[in-house]
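Following: one structure in structure tokens, then a few remarks.
Numbers restart at 1 for each chain; the letters A, B, ... are given by sequence-line order, proteins then strands. The analysis underlying the following values was restricted to heavy atoms, covering all of them including side chains, and did not include hydrogens, waters or symmetry mates.
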There are 2 protein chains.
Amino acid sequence: MQQEVILAMLAKEASHGYELRARLRDALGPLGEAMNAGQVYVTLTRLEKAGLLAVERSADDADRSDRKVYTLTPNGQQRVTEWIAEVSWPKPDLAEFHLKLIAAASAGLADPLTIVDTQRRELLRRLRDAQRAAMAEPSRSNAALLLEGIVLRLQADLRWLEACEKNWTHRRRIS
Amino acid sequence: MQQEVILAMLAKEASHGYELRARLRDALGPLGEAMNAGQVYVTLTRLEKAGLLAVERSADDADRSDRKVYTLTPNGQQRVTEWIAEVSWPKPDLAEFHLKLIAAASAGLADPLTIVDTQRRELLRRLRDAQRAAMAEPSRSNAALLLEGIVLRLQADLRWLEACEKNWTHRRRIS
DNA sequence: ATCCCCATGTCTAACGGTTATCCATATTGC
DNA sequence: GCAATATGGATAACCGTTAGACATGGGGAT
């Protein structure tokens with residue numbers, strides 16, 4: 001959970017930490033299930049220390065003044081604005097699997113083709129799950145859109161596994 | 001850099017930390033450029049503390065006995081074996097961008113379609129870079145294979161951006 | 001010979017994301 | 001009434017990453 005996501009959610013309205021988590025889960029659909037509240041609070045605490053948000057005592061829950069409402073500071077607001085204008089994308093994370101194949105082969109630990117095959121089965125299973133989940137969501141909803149991205153990702157990764165299979169098959173022939 | 005990758009590389013042969021990094025970089029091609037040695041040493045230290053590898057004083061460099069050679073312990077060997085048999089895949093990481101769009105729209109910070117457009121340009125640039133890099137690598141090499149995966153990934157993500165554009169265009173019409 | 005740069009090799013503090021678990025209070029269902 | 005659940009908060013620890021520091025030796029330029 002990137003810090004800026006939390007800040008951006010607070011740009012709309014101040015919230016309790018728990019409420020923030022609920023809003024994030026709502027936006028993520030099934031993919032937000034695994035998000036735990038501890039994560040949100042850790043991030044909120046760090047952001048507060050950095051002066052990007054402030055804590056107010058809840059006014060709404062008159063009999064529960066121990067409840068915190070988190071709200072952006074001007075610095076926090078500015079950070080959100082900057083973030084919106086920034087362009088970034090997650091770093092590719094295929095290296096671990098790639099290195100697994102290489103290490104397994106070079107150390108004689110396993111047949112890379114077997115590893116690829118097993119992985120393919122898992123990705124196919126995940127693909128089916130994601131497609132099923134997407135169809136269960138309302139059309140054009142936030143969750144459906146995100147799941148669509150996951151589906152496309154998995155399809156691309158499966159194509160890469162095909163390429164891995166070909167590559168390692170060829171190497172096996174050579175050696 | 002996942003711990004098990006380090007362990008698996010050591011399954012082939014014991015190495016200096018710096019040597020390990022070189023071997024990893026070799027396997028990753030251009031994508032390994034950013035990997036710094038500090039990262040490897042942090043991981044090696046943690047693994048040593050966990051009893052998965054041991055340190056021996058370098059015998060090869062007779063006049064440089066302060067050099068360390070890292071080698072697997074039996075527990076480390078076992079962990080590698082287990083890892084090879086495990087099936088996992090990186091968690092999807094499209095949520096941050098997705099939430100950026102949602103937050104920007106709901107807090108009135110920016111037009112999601114503008115964000116998508118800007119991001120698309122960036123991904124296209126990265127795609128060209130990756131394709132160019134792939135062509136510069138020897139055919140069927142480790143680096144070429146990994147770059148192929150990156151290319152496929154970027155293509156999938158661009159497709160998702162198309163879907164995002166459609167989705168948010170439709171929402172704009174509705175509201 | 002001396003100096004500087006680079007390569008090999010090692011180390012470390014800090015940041016940020018994640019996870020598991022704990023605590024507190026109020027509400028709901030049996 | 002009691003247990004389970006929901007709302008709300010907190011924290012230690014782990015792990016990957018990053019930036020930067022340090023040490024030694026070799027090679028090239030002066």
Side-chain angles (χ1 to χ4, degrees), chain A residues 1-7 14-26 28 31-53 55-70 79 83 88 90-93 95-96 99, chain B residues 1-7 14-26 28 31-53 55-70 79 83 88 90-93 95-96 99:
Chain A
M1 179 52 45
Q2 222 179 353
Q3 295 191 352
E4 284 86 1
V5 166
I6 298 280
L7 290 177
S15 304
H16 301 287
Y18 220 78
E19 190 182 353
L20 259 187
R21 185 187 66 150
R23 284 167 60 193
L24 288 163
R25 278 178 154 185
D26 188 51
L28 295 175
L31 290 168
E33 291 303 313
M35 183 190 318
N36 82 68
Q39 189 179 342
V40 174
Y41 281 99
V42 169
T43 304
L44 285 169
T45 303
R46 286 173 180 170
L47 288 167
E48 189 191 354
K49 276 182 183 156
L52 298 178
L53 58 81
V55 181
E56 296 163 352
R57 287 296 159 182
S58 179
D60 295 344
D61 313 282
D63 48 351
R64 307 197 63 178
S65 62
D66 54 337
R67 294 294 156 87
K68 294 177 170 177
V69 172
Y70 296 90
R79 180 71 203 110
W83 180 60
S88 69
K91 287 176 54 173
D93 54 9
E96 275 71 32
L99 291 169
Chain B
M1 177 51 48
Q2 224 180 347
Q3 296 192 351
E4 284 85 1
V5 166
I6 298 281
L7 291 177
S15 304
H16 300 291
Y18 213 81
E19 192 181 354
L20 258 187
R21 185 187 67 148
R23 285 167 59 195
L24 288 164
R25 276 180 155 184
D26 188 52
L28 295 176
L31 289 169
E33 292 303 312
M35 182 188 320
N36 82 72
Q39 187 179 341
V40 175
Y41 281 97
V42 168
T43 303
L44 286 169
T45 304
R46 286 172 181 169
L47 288 169
E48 188 190 353
K49 276 179 184 159
L52 298 179
L53 57 82
V55 181
E56 296 163 352
R57 287 295 159 183
S58 177
D60 295 344
D61 313 279
D63 48 351
R64 307 195 62 175
S65 61
D66 53 338
R67 294 295 156 88
K68 292 176 169 177
V69 172
Y70 297 88
R79 180 69 203 110
W83 181 59
S88 69
K91 287 175 55 172
D93 52 9
E96 274 72 32
L99 290 170

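With hydrogens and angles ignored, the 3.5 Å screen pairs no side-chain donor or acceptor of B:Tyr70 with any backbone N or O of B:Leu7. The backbone N or O of A:Glu33 sits less than 3.5 Å from a side-chain atom of A:Arg25, completing a donor-acceptor pair.
With hydrogens and angles left out, the side chain of A:Arg21 and the base of D:dG9 share no donor-acceptor pair within 3.5 Å.
Across all strands, A:Gly38 comes closer than 4.0 Å to base atoms (heavy-atom distances). Residue contacts shown for A:Ala22 are absent, as no nucleic acid heavy atom lies under 4.0 Å away.
Close to D:dT7, at under 4.0 Å from its OP1 or OP2, lies no side-chain N or O of A:His16. At C:dC11, one or more side-chain N or O atoms of B:Lys68 fall inside 4.0 Å of OP1 or OP2 (strictly under the cut-off). The side chain of A:Tyr41 places an N or O atom within less than 4.0 Å of a non-bridging phosphate oxygen (OP1 or OP2) of D:dG9.
Among residues two or more places apart in sequence or in another chain, the side chain to side chain contact (heavy atoms under 4.5 Å, CB included) test is passed with A:Asp93 by B:Pro90, B:Asp93, B:Arg153. Listed by chain and number, the residues in a side chain to side chain contact (heavy atoms under 4.5 Å, CB included) with A:Glu4 are A:Gln2, A:Arg79, A:Trp83 (sequence neighbours excluded).
The listed nucleotides are C:dC11, D:dA13, D:dT11; the one nearest the side chain of A:Arg46 is D:dA13. Listed candidates were C:dT19, C:dC11, D:dG8. Nearest to the side chain of A:Tyr18 is D:dG8.
To the nearest 0.5 Å, the span separating CD1 on B:Ile6 from CG on B:Leu52 amounts to 12.0 Å.
The nearest whole Å value for the distance from the CG atom in A:Leu47 to the C1' atom in C:dG16 is 10 Å. If you take NZ of A:Lys91 and C1' of C:dG16, they are 14 Å apart, rounded to a whole angstrom. For A:Glu56 and D:dG8, the CD to C1' distance is 17 Å, given to the nearest whole Å. Remark: C1' of D:dT18 and CG of B:Asn36 are 6 Å apart, rounded to the nearest angstrom. Whole-Å rounding puts the A:Glu4 CD to C:dG17 C1' distance at 12 Å. If you measure from atom CD of B:Gln3 to atom P of D:dC15, you get 5 Å, rounded to the nearest angstrom. In this structure, CD of A:Glu48 is placed 15 Å from P of C:dG16, rounded to the nearest angstrom. Between the CD atom of B:Gln2 and the C1' atom of D:dG16 there is a distance of 10 Å, rounded to whole Å.
Position along DNA chain D of the nearest nucleotide to B:Thr43 versus B:Ala37 favours B:Thr43 as the more 5'-ward residue.
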